[in-house]
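These notes are about the structure you will find just below.
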There are 2 protein chains.
Amino acid sequence: MATDHLLGSGEFLSKRLAEKGLRFTSQRKHVYEVLISQRDHPTAEEVFMRTKQSKPEISMATVYNSLDALVKCKVVRQVNVDRGAAMYCSNMNAHAHFCCDDCGKVFDVNLKDSPRVPEVDVPSDFEVRSIDIALHGRCSDKCEECVQN
Amino acid sequence: MATDHLLGSGEFLSKRLAEKGLRFTSQRKHVYEVLISQRDHPTAEEVFMRTKQSKPEISMATVYNSLDALVKCKVVRQVNVDRGAAMYCSNMNAHAHFCCDDCGKVFDVNLKDSPRVPEVDVPSDFEVRSIDIALHGRCSDKCEECVQN
DNA sequence: TCGCTTATTTAGAATTATTCCAAGTATTGA
DNA sequence: TCAATACTTGGAATAATTCTAAATAAGCGA
C-alpha cells in the first residue's frame, strides 16, 4: 500500500488483482492503461473503443469483465449519475463528482475533508466500505453546451 | 413551502408541478401516490406495475414521463446506485442511501447534518442544486439474502 | 362556460446498455 | 510441465430507456 507507487503500473495492477484472487491478463492491463492515460469519465463503450487501439481483438464482454475486475480490486471507480451508461474513473483520490444537469458532463471535485462515515446514521451491524458523493447542478457560464439552454 | 403540509397531496403536487410549468394529470397523481404510499425504492418497472392497480390504462412511457416530472419538481428523488435500473424515492428529508453490495438492497440513512456544499471545492461559477450521497458496503448480519454469500 | 393552444398520453417500435453462453485460450500453482 | 480453472471471445439474449405519431386532455383567456 504505502509502497505501491514504487511499482510500475503492471506490477501494481497485478498485485491488486491477486489480492482479490483475480488474474492479471493482457486485456485488464490494457483497459487499466486506457483509464489512467486519460482521466475523464468514459462509458464502457468508450473504453472499448479506446482499448481497441492498442488491443484490437478485445471484445465488449471482456471490457465489462475487466472494468468489473478493476472496480473490485479498487483501482478504478464506477460512477453512476443518471439513467444512462455507467462511467469509469481512475482518479482514486478522495473526490466527489459534479454532474451538470444541463450538458451532462461530469467533473471531479476535491473534497476538503475526506468523507466521514460518522456524519451518517448507519445501523451498527452495517459495514460501510465506500462513499460516493455526487453533486448535481449547472456547470460554468462559459460552457458551450450549456449556453444554448 | 412552509405551508405545503396543509395541502392535500393533490393540491401539493399540482402546485409543485405548476411552479415548473408542468401540468397536473391523473397519471402523475397516481404515480406520486404509489411512491408515497410505500416508501421503498422501486424501479420504473415496479412503479409501472403498482400504478396499474389503480390506473390500469397507464403506459410505461407515461410512467417514465411522470417520474421525470416528479423529479423535476422535486417531490421525488431518482437514485442511481449501480448499472441496473434507476430507482425512485419519495423520502425528501435530507438523507443518504446505503446500498448493500451483497444483496443489492437500498436503505435510507439519516444524515446527522444536512450535506454541506462548502466541504467541496467547486469552481465558483458552478451552481450546485442537489447532493446525492451513496454508501456502499454490506448490510445486516441477519440479512437472509446476504448470509449465503 | 367554450374554445384554443399546447403539453401529455398511448402502444409499440427502436435504440442503448448490459448480461449470458459455450467453446477455445491463457494463467497460476504444484 | 501439467492440470485445474479463470478468462476471453463473438454473438445472441435480455433489460432499460427513449422515440414516434396520432389521439387526448389541461389550463388559459374571452
Side-chain angles (χ1 to χ4, degrees), chain A residues 10-11 13-32 34 41-52 54-73 76 78-88 101 104 106, chain B residues 10-11 13-32 34 41-52 54-73 76 78-88 101 104 106:
Chain A
E11 274 181 278
L13 179 57
S14 174
K15 181 167 168 259
R16 287 300 203 91
L17 285 165
E19 282 166 10
K20 295 282 175 185
L22 296 164
R23 290 183 181 170
F24 178 64
T25 66
S26 158
Q27 288 81 351
R28 289 173 180 174
K29 177 164 162 288
H30 277 88
V31 167
Y32 182 57
V34 158
H41 301 89
T43 62
E45 186 68 37
E46 288 165 334
V47 171
F48 178 49
M49 294 188 305
R50 294 182 196 172
T51 307
K52 276 201 287 197
S54 63
K55 183 116 190 125
E57 337 82 76
I58 199 169
S59 74
M60 194 66 207
T62 299
V63 169
Y64 274 105
N65 174 307
S66 298
L67 290 169
D68 286 344
L70 298 178
V71 168
K72 206 167 284 176
C73 73
V76 157
Q78 180 178 312
V79 181
N80 301 99
V81 278
D82 248 319
R83 258 174 348 208
M87 299 164 153
Y88 297 86
D101 293 328
V106 173
Chain B
E11 276 181 275
L13 178 57
S14 174
K15 182 168 167 258
R16 288 299 204 90
L17 286 165
E19 282 166 9
K20 295 281 175 186
L22 297 164
R23 290 182 182 171
F24 178 65
T25 67
S26 158
Q27 289 81 351
R28 289 173 179 173
K29 177 164 162 289
H30 277 87
V31 167
Y32 182 57
V34 158
H41 301 87
T43 62
E45 187 68 37
E46 288 166 332
V47 171
F48 178 49
M49 294 189 304
R50 293 182 196 174
T51 307
K52 276 202 286 196
S54 63
K55 183 114 190 128
E57 337 80 79
I58 199 168
S59 73
M60 193 67 206
T62 300
V63 169
Y64 274 105
N65 174 309
S66 299
L67 290 169
D68 286 344
L70 298 177
V71 168
K72 206 168 284 176
C73 73
V76 157
Q78 181 179 310
V79 181
N80 301 100
V81 278
D82 248 319
R83 257 171 353 205
M87 299 164 153
Y88 297 86
D101 293 328
V106 173

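Naming: A, B, ... by sequence-line order, numbering from 1 per chain.
Using a 4.0 Å heavy-atom criterion, one finds that Ala69(B) contacts no nucleic acid atom at all. Residue contacts shown for Ala18(B) are absent, as no nucleic acid heavy atom lies under 4.0 Å away.
A straight line from CG of Asp68(A) to C1' of dT19(C) spans 10 Å, rounded to a whole angstrom. As rounded to whole Å, 17 Å separates atom P of dG12(C) from atom OH of Tyr64(B).
Judged purely by atom type and a 3.5 angstrom limit, Thr51(B) uses its side chain to pair as donor or acceptor with the backbone of Val47(B). At least one donor-acceptor pair under 3.5 Å links the side chain of Arg28(A) to the backbone N or O of Arg23(A).
Residue Lys55(B) places its NZ atom among more than 12 non-hydrogen atoms of other residues, nucleotides or ligands, all under 6.0 Å distant.
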Close N or O pairs between protein and nucleotides 5-11 of chain C (under 3.5 Å):
from, atom 1, to, atom 2, distance (Å)
dT6(C), O2, Arg23(B), NH1, 3.3
dT6(C), O2, Arg23(B), NH2, 3.3
dA7(C), O4', Arg23(B), NH1, 3.3
dA7(C), O4', Arg23(B), NH2, 3.3
dT8(C), OP1, Arg23(B), N, 3.2
dT8(C), OP1, Arg28(B), NH1, 2.8
dT8(C), OP1, Arg28(B), NH2, 3.2
dT9(C), OP1, Thr25(B), OG1, 2.6
dT9(C), OP2, Asn65(B), OD1, 3.2
dT9(C), O3', Gln27(B), NE2, 2.9
dT10(C), OP1, Gln27(B), NE2, 3.3
dT10(C), OP1, Glu57(B), O, 3.4
dT10(C), OP2, Ser59(B), N, 3.3
dT10(C), OP2, Thr62(B), OG1, 2.6

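To the nearest 0.5 Å, atom OG of residue Ser66(A) and atom CD of residue Gln27(A) are 6.5 Å apart. In this structure, CE on Met87(B) lies 8.5 Å from CG on Asp82(B), to the nearest 0.5 angstrom. Separating the OG1 atom in Thr25(A) from the CD1 atom in Ile58(A) is a distance of 8.0 Å, to the nearest 0.5 Å.
Using a 4.0 Å cutoff to heavy atoms of chain B, the contacted part of DNA chain D runs 5' to 3' from dA16(D) to dG27(D).
You'll find the side chain of His30(B) stays beyond 4.5 Å of the side chain of Thr62(B), heavy atoms only.
Applying the ring pair (Phe, Tyr, Trp, His ring centres under 6.0 Å) criterion to His41(B), with sequence neighbours excluded, gives His97(B).
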